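Structure first, then comments.
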Amino acid sequence: MPQELPKAYEPGEIEKRWAEFWTHEKLFSVPTPPPGDRRPVFTLLLPPPNVTGRLHMGHMLNQTQMDIIVRWHRMRAFITLWLPGTDHAGIATQMMVEKQLEKEGKKRRELGREKFIERVWEWKREYGGAILDQMKRLGASVDWDREYFTMDENLSRAVREVFVRLYEEGLIYRGSYIVNWCPWHETAISDLEVKHEEVQGKLWGIRYPVVGSNGFITVATTRPETMLGDAAIAVNAKDERYTYLHGKKVLLPLMNREIPIITDELAQPEFGTGAVKVTPAHDPDDFEAGKRHNLPQINVMDEHAHMNVNAGPYAGLDRFEARKRVLHDLREQGFLVSEKDYTLAIGKCDRCGTIIEPRLSEQWFVKIQPLADRAKEAVESGEITIVPDNYRQIYLNWMNNIHDWCVSRQLWWGHRIPAWTCADRNCEEVIVARETPGKCPKCGGKVEQVSDVLDTWFSSGLLPFTTLGWPEKTRDQEVFYPTTTLITAYEILFFWVARMIMFGCHFMRGHHQDPAIKRASGWAEKKNDSVPFRQVYIHALVRDAERQKMSKTKGNVVDPLDVINRFGTDATRFTLAAMAAPGTDIAFSESRTGGYRAFANKIWNAARFMFMNVDRIEPGLRPSGAAGGGCPQAGIAGFKAATLEDRWILSRFNRVTADVNDALETFRFHEAANRIYDFFWGEFCDWYLELIKPRLNTEFGDRARIACSNLVSLFDASLRLLHPIMPFITEEIWQALWEGEAPAKSIALASYPQADEKQFDLAAETEIAILRDLIVSVRNLRAELKVEPKRKIPIEVFAHEAQIEKLIEENRSAVERLAHVDKITFVQNSLAKLPGSRSTARFDVHIIHERKIDVTAECERLRKELDRLERGIANADRQLGDEQFLAKAPAQIVENLRKQQHEFGVLKDKTLSKMREIGCG
RNA sequence: AGGCCCGUAGCUCAGUUGGUCCAGAGCGCUUCCUUGACACGGAAGAGGUCGAUGGUUCGAAUCCAUUCGGGCCUACCA
């Protein structure tokens with residue numbers, strides 16, 4: 001046992017040491033359980049951080065919560081697998097390496113695809129692991145032996161398999177459609193990757209001359225440059241204002257091209273002039289309209305969003321420069337009829353902020369409806385539960401309005417689409433295959449692989465089964481699929497969670513989890529094992545102290561590693577847990593973290609106190625009755641409840657244990673954390689330790705030995721209770737407590753406390769509450785009467801019942817010590833009216849002290865007290881006089897109210913008599 | 001345009017299905033204490049009509065409606 005623990009807790013060295021120990025000893029590695037293993041299983045997939053990622057507060061919160069849940073299950077003897085890995089993050093990683101090249105004065109295209117990808121792998125080898133190293137620092141108890149990377153060969157093979165199967169099932173198609181195009185990245189992106197922003201723009205009115213008349217038709221647009229690609233003007237068939245123009249043509253200004261006037265639902269009579277320009281190559285609605293009317297798709301921009309040859313005189317201009325010129329020319333030529341302010345929502349690229357251009361291009365799509373239907377059903381039927389509940393509805397709403405998913409990206413880094421096209425211009429056959437085809441199966445010509453790669457979320461959506469060996473059927477899948485829980489942020493509910501559900505339900509259809517394991521794990525009643533997880537917990541967003549979203553541009557990002565360096569990982573974890581009430585965002589406050597570092601310090605010093613006593617009383621003492629090896633164990637087995645305070649703390653421990661287990665079951669991390677905090681500090685340290693000090697100091701054996709042994713057993717159990725939240729300090733003290741003879745290699749593998757109802761003791765809790773009241777009352781009086789702190793004073797006590805007098809008598813020395821009293825005298829009459837007294841419904845206490853009380857202050861206090869009591873009595877009278885209340889309220893409530901009414905009555909009388917006595921006005 | 005969340009002490013937040021919480025915690029603040037686990041400590045204290053209004057109920061911080069204030073997300077309206 002360490003004789004000399006430092007006085008103050010220094011987390012840095014301790015945390016580093018244990019983090020290394022845990023990974024080095026492979027404590028959290030989970031070999032595949034053999035057939036016949038019937039233990040319960042808990043599986044959790046780490047939402048893979050980007051390889052380019054740096055740890056931020058969101059990760060830290062996410063990982064803290066996951067680690068708490070994981071450690072809690074592991075300590076309750078579940079086979080607990082937490083699977084870590086990283087995501088290749090197509091766009092982000094490619095950008096990172098491009099920037100690196102830029103510094104060397106090189107460009108991606110100069111290097112060529114193959115060389116470039118080599119460079120990315122190099123970069124990945126060099127810097128890719130950073131975030132996982134940071135995770136180790138947090139103590140994340142993941143299985144490092146199973147670490148994956150989404151571009152690993154086995155996962156890549158699975159991606160190809162999925163793509164080919166979906167294609168064969170008709171769920172993937174290729175075609176020319178309008179997609180969100182980022183001109184900066186030069187790639188298509190999905191709807192989800194577009195962020196909408198309200199901006200002040202303009203709405204311009206442009207008039208088009210009607211061919212064969214002197215008339216005009218006026219349309220409105222926010223993007224005038226696209227008029228260069230107009231293919232028609234649409235009016236609504238029901239709009240009588242334009243009936244006379246049906247079948248006519250207009251002359252497209254600037255381009256001098258004739259285009260038809262068509263009738264289409266696209267034009268809504270209420271909006272603007274009721275006439276709308278149709279530009280099929282530059283707007284999704286117009287695209288659809290164009291198809292309905294067989295209009296040409298005139299693309300006037302290239303992949304950089306510069307105008308192309310189709311834009312005639314504007315060719316070569318950037319889109320915004322072109323807009324200026326078009327407007328200028330329209331104005332000069334008299335076609336621009338109006339210009340007004342207009343707020344519009346423009347789409348920007350999520351990553352670079354460039355304004356998205358709707359662009360007509362050849363892309364690959366996943367036909368989403370059949371997948372979405374099953375994914376919706378999995379949640380509606382309760383096969384997957386989403387916590388908090390309101391996210392369930394958000395998920396379903398999204399599923400109901402889902403669009404086909406554009407999965408191709410014009411990038412180099414990623415899973416290349418397993419599709420080839422015949423190089424022969426006359427053939428152009430498309431082949432989708434698992435392996436590179438030798439030649440075109442149709443014409444025998446040479447084939448070229450499609451250059452696009454897949455959306456990064458395509459591969460991450462497969463992880464729940466691909467990390468378990470899919471497409472092979474493996475024992476890992478039987479045991480660990482469906483994964484149990486997913487803990488993640490709302491931000492990726494659609495990007496990732498929804499896609500996992502769609503893919504999981506589709507590709508794992510017909511899968512069955514090992515029935516014995518499923519039953520043992522508590523999922524017997526769930527019918528469907530194709531789902532990727534049984535439950536999803538969506539955690540909050542971490543904001544800064546001012547509730548602002550953290551962002552690099554605002555410069556308000558709190559670096560978790562910086563916080564950890566100052567306060568310790570345990571304190572940071574505890575902060576996040578304690579603030580993580582489900583459904584509400586966290587405003588991260590460092591003062592709070594400071595408070596929890598103090599808590600760690602408190603634990604540390606309580607441990608020093610314990611060790612000091614063990615060394616003195618019984619060196620080599622171990623916690624008694626502790627079960628190792630993660631067997632669940634109720635209560636504290638070896639605890640000998642010899643005294644009132646022993647019975648009390650044992651009861652309290654069991655109640656807190658029940659609450660903590662209950663809270664963790666439903667992801668109420670804050671409640672678990674606060675319960676332990678209040679117990680350890682407010683009850684264990686403030687009262688229990690103080691109460692047992694005299695016993696520890698007795699020179700004669702048994703009393704001290706029992707006290708010491710109880711202390712050690714209680715401490716052991718408390719450490720285990722706290723361990724999931726504060727893994728490091730608990731490991732440090734626990735290992736010291738067992739001095740190399742622990743029942744497990746680590747506290748992480750010891751058993752988690754369970755409540756034992758037999759150890760609940762309501763009587764002890766009530767009695768300690770009375771003694772605490774008495775002690776606090778005396779301290780209170782001392783402070784008010786300004787008794788010098790060092791001076792012991794005599795008190796008188798009047799107890800309402802003999803039992804209470806007996807209780808105080810039996811605990812006389814504790815009262816004397818903790819209230820700094822030198823003599824207790826029991827009297828048989830109320831002391832309530834005496835100055836320098838305090839009353840409760842059970843006793844009056846009076847301190848004998850010559851100092852005059854401050855009458856004004858005392859009267860004011862009494863008036864407040866009286867006021868409080870009278871309000872309480874009035875309330876109770878009103879309710880108890882109400883027949884409806886008596887008839888409808890539960891008996892327990894009525895009884896408690898009666899009791900309260902009585903107690904308040906007693907106290908009111910006491911207060912009044914005292915006020916008369918001191919002469920309050 | 002639709003949807004969601006929040007508004008409780010100076011600050012940051014708890015308060016699970018309405019009653020035993022007419023309200024708790026941490027930080028901050030005031031007074032006192034360096035008593036051998038801990039000043040990252042101990043003791044005592046001040047501080048809130050739970051955004052506003054109306055309703056449901058025997059009973060509301062907790063449910064409903066309206067309203068004000070703050071935040072967020074989804075959306076192809078020129």
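The basis for the numbers below is simple: all heavy atoms, side chains too, and nothing from hydrogens, waters or symmetry mates. Given the structure is predicted, the values throughout are model-derived calculations rather than measurements. Proteins get letters first, then strands, A, B, ... in listed order; numbering begins at 1 in each.
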**Item:** Base-pair map of RNA chain B as dot-bracket, where | denotes pairing with a different strand and pairs are Watson-Crick or G-U under 3.5 Å
**Value:** (((((((..((((.....[....)))).(((((.......))))).....(((((..]....))))))))))))....
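A:W204 comes within 4.0 angstrom of no nucleic acid atom, judged by non-hydrogen atoms across all strands. Using a 4.0 Å heavy-atom criterion, one finds that A:N780 contacts the sugar-phosphate atoms exclusively. Residue contacts for A:A267: at a heavy-atom cut-off of 4.0 Å it reaches a base atom on one of the strands shown. Within the nucleic acid shown, A:Y391 has no heavy atom closer than 4.0 Å to any nucleic acid atom. When heavy atoms are screened at a 4.0 angstrom cut-off, A:L266 is found touching base atoms of the nucleic acid. Across all strands, A:Y342 comes closer than 4.0 Å only to sugar-phosphate atoms, never to a base (heavy-atom distances). Among the atoms of the strands shown, none is found under 4.0 Å from any heavy atom of A:V278.
With hydrogens and angles ignored, the 3.5 Å screen pairs no side-chain donor or acceptor of A:R573 with any backbone N or O of A:L61. Counting only distance, with no hydrogens or angles, the side chain of A:N674 and the backbone of A:H670 share a donor-acceptor pair below 3.5 Å. With A:R838 contributing its side chain and A:V776 its backbone, the two residues share no donor-acceptor pair below 3.5 Å. Side-chain atoms of A:R817 do not come within 3.5 Å of backbone N or O of A:P694 as any donor-acceptor pair.
Across B:C27, B:C76, B:C4, the shortest atom-to-atom separation from the side chain of A:I394 is found for B:C4. Relative to the side chain of A:R779, the nucleotides B:G42, B:A44, B:C73 differ in distance, and B:A44 lies closest. Nearest nucleotide to the side chain of A:P890, out of B:G47, B:U12, B:G19: B:G19. Side-chain proximity of A:H670 to B:G41, B:G15, B:A44: nearest is B:G15.
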**Asked** Can you give one letter per nucleotide of nucleotides 30-37 of chain B, 5' to 3': B if a protein heavy atom sits under 4.0 Å from the base, S if only from the sugar-phosphate, - if neither?
**Response** --SSS--B
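Judged by atom type and distance alone, A:Q879 does not reach the base of B:C58 through any side-chain donor-acceptor pair under 3.5 Å.
Taking the P atom of each, B:G71 and B:C76 are spaced 24 Å apart, rounded to whole Å.
Side-chain nitrogen and oxygen atoms of A:H196 include at least one within less than 4.0 Å of the OP1 or OP2 phosphate oxygen of B:C76.
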